[in-house]
Amino acid sequence: MPMSQSFKDRLFPIAEQLVEHYGSPFHIYDEVGIRETGENLKKLFSGVEGFREYYAVKALPNPDILKLMLDMGFGFDCSSIGELVLSRQVGARGEDIMFTSNNTDQNEFKVAAEEGGCVLNLDDISLIEKVPDFPELICFRYNPGPRRTGNVIIGNPVEAKYGLSHEQVIDAYRLAQQRGAKRFGLHTMVASNELDYTYMVETARMVLDISELVESELGIKFEFVNIGGGIGIPYHPDQAPLDIDSMAAEIEELFNAFRDKHAYVPRMYMESGRFMTGPHGCLVTSAINHKDIYRNYIGVDACMSALMRPAMYDAYHHIDVVGKEDVVRDQIYDVAGSLCENNDKFAVQRELPEIDGGDILVIHDTGAHGHAMGFQYNAKLRTKELLLRADGSVDLIRREETLDDYFATLNFSEDQFHPNQSKG
Ligand SMILES: *Cc1c(COP(=O)(O)O)cnc(C)c1O
C-alpha cells in the first residue's frame, strides 16, 4: 500500500487551501493511516506472545507522531542521544525504549542510563567492559555475516559494520553474565525496504535459532528476540506490497513450534520505521518554473533538503498533480529543486500530465526517512511538517527552518587557542 486512496481523497480537495494557509512546500502526515497500520500490525501479530513494535524514531522523529505510537502501546528504537531525549520527552520510559547505537561513546551510555534507563542493545563485544553500570537486562545485536545474503539498501551482512559476528555470540553473553546481567534479549537487523515477506520470516527463524544456541551453551532463556525493521513499502505503483498477513502467520507458527519444543518462548519485538509511517506522508510542493532545454524541467519550490531519497538511493517516489489525477500523462519531465547539484531531482524522465505554473505536486511516500534526512547544504533549509488529523483538521507539527536557524551556530563566544610550539 503506497499512499492510500483514502489519504488522497482527504488531502487533494484541501491541498490548495493548505498551500494558501501554510505556504508551500510542506510534508503532511495522515493520522488515520498511521493508526490503521499500527492497529493492523497489533492484530496480525496478536498470536505471537508479547509482540511489541518499537517504532524506529529516526524514520520520523516528530513528537506528535511519536505520541501516536505511544498511544498504540508501541515503544521506540533509538540510536542517538537526541532520539533518546525525544522519546523521553513524549513520555517513554525504561523498557519502552531500545537503545540500538553503534560505535557507541561513553556519553551515550551515560544518557541511556538516565531517567529510568532503557534496554541497552550492544553492538559489539568490546563494549561490554565499557558500559559504566552494567544493567540487569541486556541485549546484543547479531550480524549473521555469510549466513545471510543481504538485501539492496543495507547490503551484505558480511560488509555491514553492525553487530556481533556469529563466532562472538556465546562469549558476549557469557561476559555479560559475568558483569551481572540476569535478563537477556537478542536483536538483529538484516534488511531494509524488503518486499519479500519470506526474508522476514527467515530472520525470525534465525533469531530463534541463535537464542536456542545460546541457551544450550549458557542456559539463558531469552526474554525477547527482536527482528529489527526493514519491512518495505511499494514506492512504485507496479510493486506489490509485502504480504504482511503471511509474514505474521508464518512467524506465529515458528514461535508456537519453539514453545512446543522448549516449554517457553521469548517475546517478539519488531522495529518498523518505514512500514509504519512511510506511505502515510507526502511532500506537497508547487511548480514555480518550467524550462525546456535538452530535457523539459519542472522547477518546484522544494529541493532535496526536504527529501534525500531520490538523490541518495536513486529512489522512485510517485508524483500526482492535484486536480490532474485523470489527465493523461503524456509529458516527460525532470522534476527538479533549486540546489546546485544535478541530482537534486524528485523525478527523472517521468511521465506526467502537462504541468502549469502554480500547480501543486504531491510527492508520495515521504512519511519515513523523508524530512528526517534533510540537511542544510547550499543553505537550503528544511520544510515544515503538518499532521492531518482524524477529524479533518490540520496541525502544524514543526515549523520550517529560517535563516536564523541556519546562522545559529555562528553565534558563539570567541575561542582562540595558542598551542605550545615546544611540545611539537
Ligand atoms: C533504521 C532502523 C530501523 C528501521 O528501519 P525501517 O527500514 O525504517 O523499518 C530499525 N532498527 C534499526 C536498528 C535501524 O537502524
Side-chain angles (χ1 to χ4, degrees), residues 1-2 29 34 37-38 41 45 52-62 65-66 69 74-84 86-87 92 96-104 108 112 118-124 127 139-144 148 150-155 157 160-164 185-197 199-200 203-204 206-207 224-235 239 241-242 244 247 268-281 307-309 312-313 315 317 365-373:
M1 14 91 279
Y29 311 115
I34 293 171
T37 298
L41 198 66
F45 284 92
R52 196 176 188 193
E53 152 78 357
Y54 282 76
Y55 181 68
V57 170
K58 75 170 186 283
L60 182 40
N62 187 293
I65 302 297
L66 298 189
M69 303 300 170
F74 296 167
F76 298 120
D77 181 65
C78 301
S79 50
S80 63
I81 288 175
E83 291 176 1
L84 271 175
L86 180 59
S87 300
D96 293 335
I97 301 172
M98 289 275 297
F99 188 55
T100 305
S101 55
N102 69 88
N103 189 19
T104 312
E108 290 175 307
C118 57
V119 183
L120 260 194
N121 185 15
L122 292 182
D123 187 70
D124 188 43
L127 294 173
C139 183
F140 287 98
R141 180 172 183 159
Y142 170 69
N143 178 336
R148 295 294 292 280
N151 84 332
V152 180
I153 292 192
I154 226 167
K161 67 173 175 169
Y162 310 107
L164 301 171
L186 172 68
H187 169 274
T188 198
M189 165 99 189
V190 287
S192 182
N193 198 23
E194 181 62 60
L195 287 171
D196 177 359
Y197 84 90
Y199 196 88
M200 309 308 291
T203 299
M206 179 183 82
V207 285
F224 67 85
V225 289
N226 184 333
I227 66 167
I231 301 180
I233 59 168
Y235 286 97
Q239 286 175 316
L242 176 137
I244 187 91
M247 172 179 160
M268 180 181 128
Y269 296 164
M270 172 191 287
E271 303 162 347
S272 298
R274 190 187 319 272
F275 179 77
M276 275 304 307
T277 53
H280 308 305
L307 180 67
M308 281 281 280
R309 298 191 72 261
M312 193 157 158
Y313 305 119
H317 283 261
D365 307 322
T366 68
H369 315 294
H371 183 282
M373 266 191 190

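In what follows, residues are counted from 1 in the order of the sequence shown. Indexing begins at 1, ligand by ligand and atom by atom, following the structure's order.
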Chemist: Do Arg148 and Tyr199 meet the cation-pi criteria used here (NZ or CZ under 6.0 Å from the six-membered ring centre, within 45° of the axis)?
Modeler: yes
Chemist: I would like to know whether Phe275 and Leu41 meet side chain to side chain contact (heavy atoms under 4.5 Å, CB included); could you show each step before the answer?
Modeler: CA-CA 10 Å; Phe275 179 77; Leu41 198 66; 3.8 Å; yes
Chemist: Could you work out, with side-chain contact (heavy atoms from CB on, under 4.5 Å) as the rule, every residue matching Asn143, not counting sequence neighbours?
Modeler: Pro157, Ala160
Chemist: Under 6.0 Å between the ring centres of Tyr269 and Phe224?
Modeler: yes
Chemist: For ligand 1, would you mind listing the residues that have at least one heavy atom less than 4.0 Å away, ordered by chain and number?
Modeler: Ala56, Lys58, Asp77, Thr100, Arg141, Met189, Ser192, Gly229, Gly230, Glu271, Ser272, Gly273, Arg274, His369
Chemist: Quick one: salt bridge (Lys or Arg N to Asp or Glu O under 4.0 Å) partners of Asp96, sequence neighbours excluded?
Modeler: Arg52
Chemist: Mind checking what makes side-chain contact (heavy atoms from CB on, under 4.5 Å) contact with Ala315, not counting sequence neighbours?
Modeler: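 Listed in chain order: Arg309, Tyr313, His317.
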